[in-house]
Visitor: 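Pasting in a structure now, in structure tokens, and then I'll have a few things to ask.
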Amino acid sequence: MQDIDEAELRPLLLRLRSFALGLARDMHIADDLVQSCIEQAIVKWSSRRADGNLYGWLCAILYRQFLDGRRASARFNRWMDILRGDDADMAPSAEETWEHRSSIERLDDLSAEQRAVLLLVSVEGMTYQDIAEALGVPIGTVMSRLSRARKAFRQAMDATKKPTKFRIVR
């Protein structure tokens, strides 16, 4: 049995929280996911491969917990409602607030699988191989999901950037 290496685990907590926040889109839920992930990792520590990617293994645990939580309850819809709520502190200007919200809403339009792959590549900088191992899918599936996610996100963002027609009011 391998001993838990806290020095190896501790630096990954912020990266895990960032990934969880990208999935859950709520700070409190992300914190809960990370805590549950670490608890699960401690329980299953002896089953992890010593030569494997620890961060990828933790991401796999976190991702599965996210999906299980989503399937198990209707809380996911409430998370999105909270995310779409009025929060004036998101950005200093109205334009930036609108841009940020519309891009977050476009992320929400992606499936959880596509959003996870997009976040792991774009935000976390993980390799396709690490993502495939973390999510338990073939590398071709990762590439396919990423391609579809990028295309859907790009199309959605282009659709929201249509110029607004202003008229002069006298």
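As a basis for the values below, the full set of heavy atoms in this structure was taken, side chains included, without hydrogen atoms, waters or symmetry mates.
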Visitor: Which pair of non-hydrogen atoms, one from Pro11 and one from Ala7, has the smallest distance, and what is that distance?
Guide: CD-O, 3.1 Å

Visitor: If you measure from CZ on Arg150 to CZ on Arg148, what distance do you get to the nearest 0.5 Å?
Guide: 13.5 Å

Visitor: Between Gly56 and Ala134, which heavy-atom pair has the shortest distance, and what is it?
Guide: O-CB, 3.1 Å

Visitor: Count I, L, V, M, F, W, Y as connected when their side-chain heavy atoms are under 4.5 Å apart, and connections chain through other members. Are Ile42 and Leu13 then in the same cluster?
Guide: yes

Visitor: Tell me which pairs pass side-chain hydrogen bond (donor to acceptor under 3.5 Å, both in side chains) where either residue lies in residues 54-66, with sequence neighbours left out.
Guide: Tyr55-Glu124

Visitor: Give, for atom CG of Leu120 and atom CZ of Phe19, the distance between the pair rounded to the nearest 0.5 Å.
Guide: 3.5 Å

Visitor: Atom CZ in Arg10, atom CD1 in Ile38: separation rounded to 0.5 Å?
Guide: 10.0 Å

Visitor: To the nearest 0.5 Å, tell me how far Thr127 OG1 sits from Ile139 CD1.
Guide: 7.0 Å

Visitor: Determine whether Lys44 and Ile61 satisfy the following criterion, side chain to side chain contact (heavy atoms under 4.5 Å, CB included), listing intermediate values before the conclusion.
Guide: CA-CA 10 Å; Lys44 296 194 179 243; Ile61 292 171; 5.7 Å; no

Visitor: Of all heavy-atom pairs between Ala24 and Ala30, which one has the smallest distance, and what is that distance?
Guide: CB-N, 4.2 Å

Visitor: Apply side-chain hydrogen bond (donor to acceptor under 3.5 Å, both in side chains) to Ser122 and list each qualifying residue two or more places apart in sequence or on a separate chain.
Guide: none

Visitor: Residues two or more places apart in sequence or in another chain: which of them pass side-chain hydrogen bond (donor to acceptor under 3.5 Å, both in side chains) with Glu8?
Guide: none

Visitor: Sequence neighbours left out, what passes salt bridge (charged side-chain N to carboxylate O under 4.0 Å, His left out) with Arg145? Give chain and number order.
Guide: none

Visitor: Tell me, with the steps shown, if Val117 and Tyr128 meet side chain to side chain contact (heavy atoms under 4.5 Å, CB included).
Guide: CA-CA 9 Å; Val117 171; Tyr128 293 175; over 6 Å; no

Visitor: For residues Cys59 and Leu16, report the shortest heavy-atom separation together with the two atoms involved.
Guide: N-CD2, 4.1 Å

Visitor: Starting from Met27, walk the hydrophobic network (Ile, Leu, Val, Met, Phe, Trp, Tyr; side-chain heavy atoms closer than 4.5 Å) and list everyone else you reach, by chain and number.
Guide: Leu21

Visitor: Can you find a heavy atom in the side chain of Leu58 that is under 4.5 Å from one in the side chain of Leu9?
Guide: yes

Visitor: Applying salt bridge (charged side-chain N to carboxylate O under 4.0 Å, His left out), name anything that partners Asp32, two or more places apart in sequence or on another chain.
Guide: none

Visitor: Check step by step if side chain to side chain contact (heavy atoms under 4.5 Å, CB included) holds for Leu146 and Ile131.
Guide: CA-CA 11 Å; Leu146 180 62; Ile131 295 169; over 6 Å; no

Visitor: If we only count heavy atoms from C-beta on, is the Thr141 to Leu135 side-chain gap below 4.5 Å?
Guide: no

Visitor: Given side chain to side chain contact (heavy atoms under 4.5 Å, CB included), test Val142 with Met126 step by step and report yes or no.
Guide: CA-CA 11 Å; Val142 170; Met126 289 178 67; over 6 Å; no

